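All remarks here apply to the structure that follows.
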Amino acid sequence: DTEVTQTPKHLVMGMTNKKSLKCEQHMGHRAMYWYKQKAKKPPELMFVYSYEKLSINESVPSRFSPECPNSSLLNLHLHALQPEDSALYLCASSAPLQGRTYNEQFFGPGTRLTVL
Amino acid sequence: GNSVTQMEGPVTLSEEAFLTINCTYTATGYPSLFWYVQYPGEGLQLLLKATKADDKGSNKGFEATYRKETTSFHLEKGSVQVSDSAVYFCALSPKTSYDKVIFGPGTSLSVIP
């Protein structure tokens, strides 16, 4: 299995809702990432988990809350979002670095989020 | 700091035309360099990579050479197809911070029959 899966594919939510995005990989990767991508822009890094511990938080607002229950799963909990949070949310993973010098990330197809 | 600059397009080419998308970078030390491709409605896919100076990455007819002297990693393809229509992102990964991949702004390519 060489893919990263994300659910749901599309999500529409109101500003008072609580929802979660889910990401899964079964490649034995040690790091998992959340990115936010606005239309016609590059992905912006939000969070990185390395060996199930949060290692990078790019000053993301607290209305986004990541969770890594185990090495294969990554969640992003959403609460009290704003319309400007509407975007494509991408998950990625990468393998252990032993014996390599580069970080190749494998991306999921994304969740298209619309906040009304 | 680390940054990537690339021509933003959009670029429109006829099928079988030659493609060049320019990419230059600024980085401390010698980063790894990548080209990612994003087809409509999909996530990003790694197209090719180079980890040291003078390395040439290649895949699916695309090529890019890591040029340290000009800090460049230009993407080329000799004959594009309609199926190559996508957004192409040049990116770097600093050796000192493996988990951060810095993306360029992306270049939208449309290939017309």
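Chain naming here is simple, since letters A, B, ... match the order of the sequence lines and numbering starts at 1 in each. Basis for what follows: all heavy atoms, side chains included, without hydrogens, waters or symmetry-related copies. Predicted, not measured: the structure shown is a model, and the values here were computed from it.
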Any residue of residues 37-46 of chain A which, by heavy atoms, sits under 4.5 Å from chain B: A/Gln37, A/Lys40, A/Lys41, A/Pro42, A/Pro43, A/Leu45
Co-membership, hydrophobic cluster, residues B/Tyr39 and B/Phe89, 4.5 Å side-chain: no
Throw together a table of side-chain donor-acceptor distances under 3.5 angstrom for residues 102-113 of chain B, partners on residues two or more places apart or in other chains.
unit_1: B/Thr107; atom_1: OG1; unit_2: B/Gln6; atom_2: NE2; d: 2.8
unit_1: B/Thr107; atom_1: OG1; unit_2: B/Met7; atom_2: O; d: 2.1

Contacts of B/Tyr88 that satisfy ring-ring contact (aromatic ring centres under 6.0 Å, His included) - sequence neighbours left out: B/Phe62
Pick from A/Glu58, A/Gln6, A/Arg112 with the largest number of heavy-atom pairs that fall under 4.5 Å of chain B: A/Glu58
Atom pair CD (B/Gln38) and CG (A/Leu88), whose distance is rounded to the nearest 0.5 Å: 6.5 Å
Enclosure of B/Glu42 CD (heavy-atom neighbours >12, cutoff 6.0 Å): yes
Gap separating the CZ atom of A/Phe106 from the CD atom of B/Gln45, nearest 0.5 angstrom: 11.0 Å
Single-linkage hydrophobic cluster B/Val80~B/Val11, side-chain heavy atoms < 4.5 angstrom: yes
Contacts of A/Tyr49 that satisfy ring-ring contact (aromatic ring centres under 6.0 Å, His included) - sequence neighbours left out: none
B/Val101 to A/Tyr35 - nearest heavy-atom pair and separation: CB-OH, 4.1 Å
ILVMFWY cluster, B/Val4 and B/Leu48 together (side-chain gap under 4.5 Å): yes
Path from A/Val4 to A/Leu11 over hydrophobic side-chain contacts below 4.5 Å: no
Heavy-atom check, side chain of B/Phe34 versus side chain of A/Gln105, under 4.5 Å: no
